[in-house]
Amino acid sequence: MKRTTALAALAAPALLALSAAPANAHDIDDATVELMAPLGELNDSGGSGEAWAKVTGNEVWIKVEVQGLLDGAPHAQHIHLGGAGECPDPAMEGSGFEGAIRTTDAIDSYGEVRVSLTGNDADTSEAAALDVANFPADDTYTYERTFEVPDDVAEGLHHGDGVVVIHGVDHNGSGQYDGEQMSDLDDSLPSEATDPALCGAFQETQMSAPGGGVETGGGSTSGMENSGLIAGGALLVAAGAGAFALNQRRRTDS
Ligand SMILES: [Cu+2]
């Protein structure tokens, strides 16, 4: 995960340096990436779960399985992006109820809401982050949906930077969202309704072999292999071996 992120960060300048962006970027866009995230407990929510996703271009299929959350209360669920691509330490001291982690406390770790995992064909953008009528409201549920995301979100997901966060924690054990403190996301909601309950950073799975990618014309390599070449070139450029990287480009283009 960390290694992938580092390679991605190095790959960007390499693309500019090699001026080979159009052909390779196209291959990456068309590549399918399969992701998995074990969902870990935050705020002693009592929950657990797992998420899977398959991203092809801008199309995202996602499945989320959750157990053990507060029953009969909506669980806002999102893909967050733009942070460190990871979950906070569950032991982190937050600004919430008896030190609970509130959503904004851990924004550096998982980033902002970019995808709202709503049901009922509702909006999946960040604008629907608190569309409580269209989120699951059971203690245990399975959610599955296929939808389109904007380019920058697709790119982040392709790079394995997405973090799944499920919200809603009954800190005081009252059986509902209540308490004195209001939400850091919406001051008309109790903080319990939006505090993070589960978190999982997507990681690329090896479920589909790179060789299984769709062949593009002219006997060129698959998108996965091309992105490997770009990443390899980036490391060499970073090491000052620019000549080798240029040879690499010629071989990639031929
Ligand atoms: Cu969220």
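When a ligand or atom number is given, it counts from 1 through the structure's own listing order.
His75 pairs in a side-chain contact (heavy atoms from CB on, under 4.5 Å) with only one of the listed residues (Val64, Leu69, Val66), which is Leu69.
Side chains of Val55 and Leu35 form a contact here, defined as non-hydrogen atoms less than 4.5 Å apart.
When hydrophobic residues (I, L, V, M, F, W, Y) are linked wherever their side-chain heavy atoms come within less than 4.5 Å, the members clustered with Leu42 are Met92, Ile101. The other members of the hydrophobic cluster of Tyr177, by chain and number, are Leu70 (side-chain heavy atoms under 4.5 Å, ILVMFWY only).
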Start with the C-alpha distance between Asp195 and His167, add both sets of side-chain angles, then the distance that settles side-chain hydrogen bond (donor to acceptor under 3.5 Å, both in side chains), and finish with yes or no. CA-CA 5 Å; Asp195 288 352; His167 302 259; over 6 Å; no
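Ordered by chain and number, His78 ND1, His80 NE2, His167 NE2 make up the set of protein N, O or S atoms under 2.8 Å of the Cu ion (ligand 1).
Listed by first and then second residue, the ring-ring contact (aromatic ring centres under 6.0 Å, His included) pairs involving residues 120-145 are His78-Phe135 (not counting sequence neighbours).
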